[in-house]
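Below, each value reflects all heavy atoms present in this structure, side chains not excepted, and no hydrogens, waters or symmetry copies. Both counts, for ligands and for their atoms, begin at 1 and track the order of listing.
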Amino acid sequence: MRVTQLLIPTTKETPNDASLASHIYLLRGGFIQGVGSGLYNFLPLGKIVLDKVRAIVKEELDKAGCQEVSLGFVTPASYWQESGRLEKYGKELLRFKDRKNNDFVLGPTHEEMMVNLVKQSVKSYKALPLNLYQINLKFRDEIRPRFGLMRGREFLMKDGYSFHSSTEDMKREFANMELTYRRIFERLGLEFRVVEADSGAIGGSGSKEFMVLADSGEDTIVVCDECRYSANVEAATREAKVCDVEPPEALYAKFHTPDTTTIEALSQFFRVDPYYLIKTVAKKALFDGGESRIVLYALRGSDELQEIKACNAINANELADLSVEELSEVGLVAGYMSPTIVPDGVEVVFDNELRDATHLICGANELDYHLVGIDLKGYEANYKDLVSVMEGDSCPHCQAPLRHTKGIEVGHIFQLGTQYSEPLAATFLDENGKSKPYEMGTYGIGVSRLLAAIIEQHHDDRGCIWTKESTPFALTIIISNIKNEEQVALGEEIYTKLSDDGIEVLLDDTKERFGFKMKNFELIGTPLALVIGKNLSDGNVEIVKRDGLEKMVISTDDILTKLKEIL
Ligand code: ATP
Ligand code: MG
């Protein structure tokens, strides 16, 4: 294609609200255009890249036996009522009415729609297994849309759903999807990790996320460099922590501890390691239908509470902080709370690592008092994994030290079981004519987010560096001076020959200065440029590699062979 025919409104100015490289370069390079918070138009270049990514996703899924469908974006709210998610999904779900006062939602994900599709057309085990997907718009009214395509409100997602007659077959497909996703992200030239993920209230280990490694990622991943264990910090576990500092030997007693409301102060006051202190964290837990409860989480003073684990431990939708006043209203003394002396109606969850722990110190739920000599041997309570795994903690598989790194979630695969098929009464007849709910899996890819992820991993201080299969064009031909007939003739000739061979070429045939064209090439970021300039009088041209901006002078006779060799 010719730059003179394309709409590529590149700019030098960094947009006000953009801080991430991908956001800045996709806007400045003329790939996308902002419409409103979390809403973007795709301009010609952006559309080309989006279609390429989409095509790779489709190709690999089709090869893996999946079938593409296209579901309505506008979804009857009744579907969501049936599955019980209308309340649960919260404010991210955009709801509206039509002129006849019927309720609808804009699909943020399509489990309900897909289950209904299959329910209407499949009756027997003979039609199973099935893996249906679509690559379509989603809308989520995100609380904080930001970073451009990374967290939009309207975005392109591949969402797939599989239907099976048994759990084993669903697990087989889950593994098939993991392999397929790996292939997709490898083809896109991404460095990524497959990590164990939080499966929310469903629990189990049936959920994996695909994380593109990038410092700007919003997710924290815990990794082991010895055995390759990787998990989202929301789901990461560790070998139970031990402490080589002497435990504080003491008989059970109440101690006057004025002004020691923090773990640090308490640790100094008693001169003990925080490992032997109990940290009691109070949260207001919010549930379906607006119900709320106050919950105390108890863990070692040396640990931090992981909020997602804390939420899952009691099946809550969300946790909120409480003010000192709110605490005192229910009889809790801020800074001195205890998991063993608890006002009526307040629930307590202990961290697994406190099970049978001894020589502990905790609050007395009384101003200025702590309890020493706490012994939890045989103490019956609700124990759950609550800790946030830190760098240096031990790997749960091989005990090597764990490390934190950052990632961008580009895919998520999930073993659902019958979580949706049961409430939606989606059943099939098995070999014995018995009615059973489908075993399901669900699989997502953030297709538009991938554009941002590729650039986060592949850019420099001048602009984008697209990977081989994601780039809008394999090559940019820059005709340095459009008034020089010889340069134009050679540029046109190479452009035609390569295009005829099916190579996608962008020909910069504009009247702009050479410096401007070079800057645009660096910003747009095709992997290569062929510069036809002053050297031509000596029979030479230049090939520039975008990654590293390395230059090669070659003879005009070698252009085609050299380019094809590199491409
Ligand atoms: P996140 O934790 O980033 O909000 P999620 O867990 O809500 O993601 P899923 O519901 O699993 O995401 O959606 C499938 C995929 O869609 C994600 O893996 C991600 O790549 C992409 N995605 C989710 N939300 C957005 C968004 N607001 N903008 C762009 N892509 C998104
Ligand atoms: Mg989300």
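Arg187 is linked by a salt bridge (charged side-chain N to carboxylate O under 4.0 Å, His left out) to Glu59, Glu60, Glu469, counting only residues two or more places apart in sequence or in another chain.
Within 4.0 Å of ligand 1, contacts by protein heavy atoms are made from Arg140, Glu142, Leu149, Met150, Arg151, Gly152, Phe155, Met157, Glu409, Val410, Gly411, His412, Gly446, Arg449.
Taking OG1 from Thr237 and CD from Glu196, the interatomic distance works out to 7.0 Å, rounded to the nearest 0.5 Å.
Between Glu112 and Arg85, at least one side-chain nitrogen of the basic residue sits less than 4.0 Å from a carboxylate oxygen of the acidic one, meeting the salt-bridge criterion.
A donor-acceptor contact shorter than 3.5 Å is absent between the side chain of Ser421 and the backbone of Pro437. Between the side chain of Gln134 and the backbone N or O of Leu71, at least one donor-acceptor pair lies under 3.5 Å.
When side chains are defined from C-beta on, Leu190 counts as touching Gln457, because their heavy atoms get closer than 4.5 Å.
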